[in-house]
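Numbered from 1 within each chain, the chains take letters A, B, ... in sequence-line order.
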Amino acid sequence: MALYSEKVMDHFRHPRNVGSIENADGIGEVGNAKCGDIMKIYLKIDNDIVTDVKFETFGCGSAIASSSMATELIKGKPVSEVLQLTNKAVTEALDGLPAHKLHCSVLAEEAIQAAINDYKSKQKIRAVGSLAKAEESK
Amino acid sequence: MALYSEKVMDHFRHPRNVGSIENADGIGEVGNAKCGDIMKIYLKIDNDIVTDVKFETFGCGSAIASSSMATELIKGKPVSEVLQLTNKAVTEALDGLPAHKLHCSVLAEEAIQAAINDYKSKQKIRAVGSLAKAEESK
Amino acid sequence: MGVLVMKGRDNLRNHMVYADNAATTKMSPAAIKAMLPYMETIWGNPSSLYGAGQRAAEALQSARERIAACFGASAGEIYFTSGGSEADNQAIISAAKIGERKGKKHIISSAFEHHAVLHTLKKLEKAGFEIELLDVHENGLIHPSQVADAIREDTCLVTIMYANNEIGSIQPIVEIGAICKEKGVLFHTDAVQAAGHLPIHVVEQNIDMLSLSAHKFHGPKGIGVLYARKGIPLTNIIEGGAQERGKRGGTENVPAILGMATALEEACAHMEENTKMVLKLRNRLIEGLSKIPHSVLNGDLEKRLPGNVNFCFEGIEGESLLLLLDDKGICASSGSACTSGSLDPSHVLLAIGRPHEVAHGSLRLSLCEENTEEEVEYILQSVPDIVEYLRGISPLWKDKVKGKRAFLLPE
Amino acid sequence: MGVLVMKGRDNLRNHMVYADNAATTKMSPAAIKAMLPYMETIWGNPSSLYGAGQRAAEALQSARERIAACFGASAGEIYFTSGGSEADNQAIISAAKIGERKGKKHIISSAFEHHAVLHTLKKLEKAGFEIELLDVHENGLIHPSQVADAIREDTCLVTIMYANNEIGSIQPIVEIGAICKEKGVLFHTDAVQAAGHLPIHVVEQNIDMLSLSAHKFHGPKGIGVLYARKGIPLTNIIEGGAQERGKRGGTENVPAILGMATALEEACAHMEENTKMVLKLRNRLIEGLSKIPHSVLNGDLEKRLPGNVNFCFEGIEGESLLLLLDDKGICASSGSACTSGSLDPSHVLLAIGRPHEVAHGSLRLSLCEENTEEEVEYILQSVPDIVEYLRGISPLWKDKVKGKRAFLLPE
Ligand SMILES: Cc1ncc(COP(=O)(O)O)c(C=O)c1O
Ligand SMILES: Cc1ncc(COP(=O)(O)O)c(C=O)c1O
């Protein structure tokens, strides 16, 4: 009955995947206006697989732990699977969060979705770009 | 700061002049409707001097102590002086009473006044009686 | 004639016979022991984030669970208050607010509730509520049918005490609760005298809200519980921080709460054996005191708190009796006028129909498992002497004996 | 980049550094000792007539006198409550009722009061009162002229806290009191953080009503005082028996009251030397923490509680900071959103004009005379490391360093 579970405290104290990725394939940053937390996710994606992920978070203990756990959960996963990550999965993997801290796991979910969206729109641009190039070489 | 002063407790525990007087010269009984206390005072009066006094009281500790102290204060005193006995004098002689118990000392004052009034009206009747006798013997 | 029969305390001369457990109880050593660590070492504020605060928060939560378990509630239904009075106030105000929102402003209670209830109801009456106080039968009981008959469309609350603090009568709570449940009316019970002394199960007994106070079962003073069934929205009477799920501001009194939990568990665990012991003492007392002529037992003989004895003695004024008992080392109480600054006789005794004069002469002896047979015999020696002495100096009594006034109680 | 710099607690590894004395304090051994006899042997109910009750009543009265003497009041002006929150509630409700009777329904307070005050005022606002919350200057102070300007014909109460619980700023109470006195308006001050720490004299300082809470000066939890100048009629918020001259029902918490009296006397007797010691530690802390770039001290440097240190660190979120300090054995607090179930940043820090983002990153260290220089040095080693670490993993901070976002606090 401590404020946070052992899992949360472990991920808070020893957050996995902290940092940033140079030339990331997708970057997502989201914030919660009310509590002020901000999360930034960096993805490295090869062949639609998340090969690397890093995060930077400004926020409370559960925000940091949620970021850490969420990045662990998606590492090595195909994009299609990553898109199905829910805040519930993050919370469960952390052995639960206090009710008023659930929004932190939502933030993690949203940050990852944002990063995937970024990756997809970048891909489209690249696709359009290569299409253009192909046209040109015709 | 006990509820009652030592004096009150002494007069409560060892009330002076408890009892009744056969053929008393004056009897006064008063009651307080609200708290239910009843005091009865018996006086023996010779030559306008209170030569004996007894009381019976149904009431709380301060009612009994007030009766006891009041009887002590008037014993041996001339009627004129007895009529001047105030509840304040009783209270002071008891080293004070709690505010909500002051009415007990008032009751004692009233009982004594009632007894004196009784004495006086009996005297008048006796006076009238002896007057009548004197008339007769004329 | 008045002959002073006071002889001192005999064999118990220097021993205090405490027979006022309905007023407050001696703390159980286990309860004191349960408090000390939270005074000496784990003093943190349970709202604090760090370990020292979280340890206090954990203790608080475990106390909540332990207390809830004692009467079939769940931890989330327990609100800690500063005592029985605050719990009574908050329960009633909360129910009134709920009712007001629905246009229901009729409240049913009884004439012999504790002042924490009666005065709160008076306040609500001034605010436009209609308060209906049920009559109490001479035996100190309310009949469930009275409640059923009184409930109206606009009734928002029935508040009837579990057991009366003066005369010990135990009300038919299950039945009243069932009626309230059926009619959809909130039911609160002031269980300050019952908790730790009688088995309570809020679900089985259909209790929506319940008040208790720790110092009535060997716990600490200044701490109590308001139980409110899940879903009943409470109204704060103390605004402030987010403590007690926002329903009661103020830094939690962790040591007292832990003391209360321990005392309640102890009382509940030993309820059966304590009841047996106390009943035996109580019945002996009732039997002995009944022999005093022109006396009457107040409250039902059967439906009665195990430790409660309450008599009226005709021709006696309560305070004098208590003072003389005190001289003999016996701690007792009275519904008497003069004990409390008010001059009125006990509203409880008037409610069961005792005339003013008789109501003035009451004696309450409330026992616990620490009282002994020797003490009971000592009380039984002392009371008749004092009653006789006080009657001897009473002008009222004399008139009765002489036939000038009528006796109000049979010989 | 985020490099975890947590190294454990070094030489104080197994030692708890308690720096949250504004939340609650460790009980003084003398205060515990003062309570025990009233838990173990003199447990009687002070309303009881017999000796055992009267001894409790005498103890209660002496505690009342001793407490009154600590701030120039008389015993009859002291009302015991269950703590600071209840005292605040009752003071404000009472003044409002007095005002209402005269048709005066305007109340002046400040934006950074404790929630026990603010939430009570909100309740009154719903009941038709007009509540005017004065702005607080950036240094955490209210100017007496603001009060003078705000007072109207229909003002019934000014309630301004003596010292703020988060940022420690001490208000100009004498001056505010004098203005209220001159204009005939009741003046209440929440002195929960001041009592036992600052000299208080209700007469000289023109204070009509004052609240305090024992657990803020090494006394027990669950007990406090409402001082109300003679002649001010209080309104009950807890109805019940005749306790506290009829103004607060509930069996008196005698042990806690005795503990409070002892703790308050102790605190007042040693105030000068304690202040000296604590000031030295506090100033060292402020000096050291000021070196952290992009930080700011909250609250006035001079008009400040001796033990209070409160900083905002840009780019830091309070809860993370507290959890990492806890890992090092340091107990501290924050005005942070996340500590209390609410997500809003501290209303106090917003009131002094800190932007949301900065307000989220606050740290309060509140010292007492038991803290040591060694502890202060340990805190000064720990905080900068943690701040640097947390900034290192913050996307916000990175943007600021890169110039993509503006710094809000100067380097
Ligand atoms: C300024 C202030 N007022 C009121 C209170 C409430 O006191 P308590 O929690 O003892 O009710 C506190 C502390 O919590 C406080 O710091
Ligand atoms: C039936 C009943 N209700 C309420 C109370 C009030 O409890 P407390 O004095 O602990 O507030 C008492 C005892 O005083 C009581 O006997």
Practice problem: Test C:I237 against D:I93 for side chain to side chain contact (heavy atoms under 4.5 Å, CB included), laying out the working first. | Solution: CA-CA 11 Å; C:I237 61 171; D:I93 299 284; over 6 Å; no
Quiz item: Which of the residues C:E86, C:K221, C:E252, C:M27 is involved in the greatest number of heavy-atom pairs with chain D at under 4.5 angstrom?
Solution: C:K221
Practice problem: Find the distance between CG (C:N45) and NE2 (D:H215) and round it off to the nearest 0.5 Å. | Solution: 7.0 Å
Quiz item: Would you call D:M39 and C:P220 a side-chain contact if the rule is heavy atoms closer than 4.5 Å?
Solution: no
Quiz item: Does any heavy atom of chain D fall under 4.5 Å from the side chain of C:A332, the backbone, both, or neither of them?
Solution: backbone
Self-check item: Proximal component of C:S213, with respect to chain D [non-hydrogen, under 4.5 Å]
Solution: neither
Quiz prompt | Region of C:L325 that comes under 4.5 Å of a non-hydrogen atom in chain D | solution = neither
Self-check item: NE2 on D:H119 to CD1 on C:I238, rounded to 0.5 Å
Solution: 14.5 Å
Quiz prompt | Residue part contacting chain D, namely of C:Q90, when any heavy atom lies under 4.5 Å | solution = neither
Self-check item: Interface residue of largest heavy-atom contact number with chain C, from D:D20, D:L323, D:I223, under 4.5 Å
Solution: D:D20
Quiz prompt | Intermediate values then yes/no, side chain to side chain contact (heavy atoms under 4.5 Å, CB included), C:W43 and D:T24 | solution = CA-CA 8 Å; C:W43 71 84; D:T24 195; 4.0 Å; yes
Self-check item: Top contributor to chain C interface from D:P255, D:G51, D:G83, D:G241 [non-hydrogen pairs under 4.5 Å]
Solution: D:G51
Quiz item: Based on non-hydrogen pairs under 4.5 Å, which of C:E40, C:K26, C:K122 is most in contact with chain D?
Solution: C:K26
Exercise. Sort out for me which of D:V117, D:T120, D:T251 touches chain C most, counting heavy-atom pairs under 4.5 Å.
Key: D:T251
Self-check item: Largest heavy-atom contact set with chain C, pairs under 4.5 Å, which of D:R248, D:E239, D:M35
Solution: D:E239
Quiz item: Is it the backbone or the side chain of C:A23 that comes under 4.5 Å from a heavy atom of chain D, or both, or neither?
Solution: both
Quiz item: Between C:G240, C:G53, C:G259, which residue shows the highest count of heavy-atom pairs closer than 4.5 Å to chain D?
Solution: C:G240
Quiz item: Please walk me through it: do C:N253 and D:S82 pass side chain to side chain contact (heavy atoms under 4.5 Å, CB included)?
Solution: CA-CA 9 Å; C:N253 190 350; D:S82 67; over 6 Å; no
Self-check item: Per-residue contact mode, D:N89 against chain C (heavy atom under 4.5 angstrom)
Solution: side chain
Self-check item: Portion of D:T25 that has a non-hydrogen atom of chain C nearer than 4.5 angstrom
Solution: backbone
Quiz item: Side chain, backbone, both or neither: which part of C:D88 has a non-hydrogen atom closer than 4.5 Å to chain D?
Solution: neither
Self-check item: Part of D:K123 lying under 4.5 Å from any heavy atom of chain C
Solution: side chain
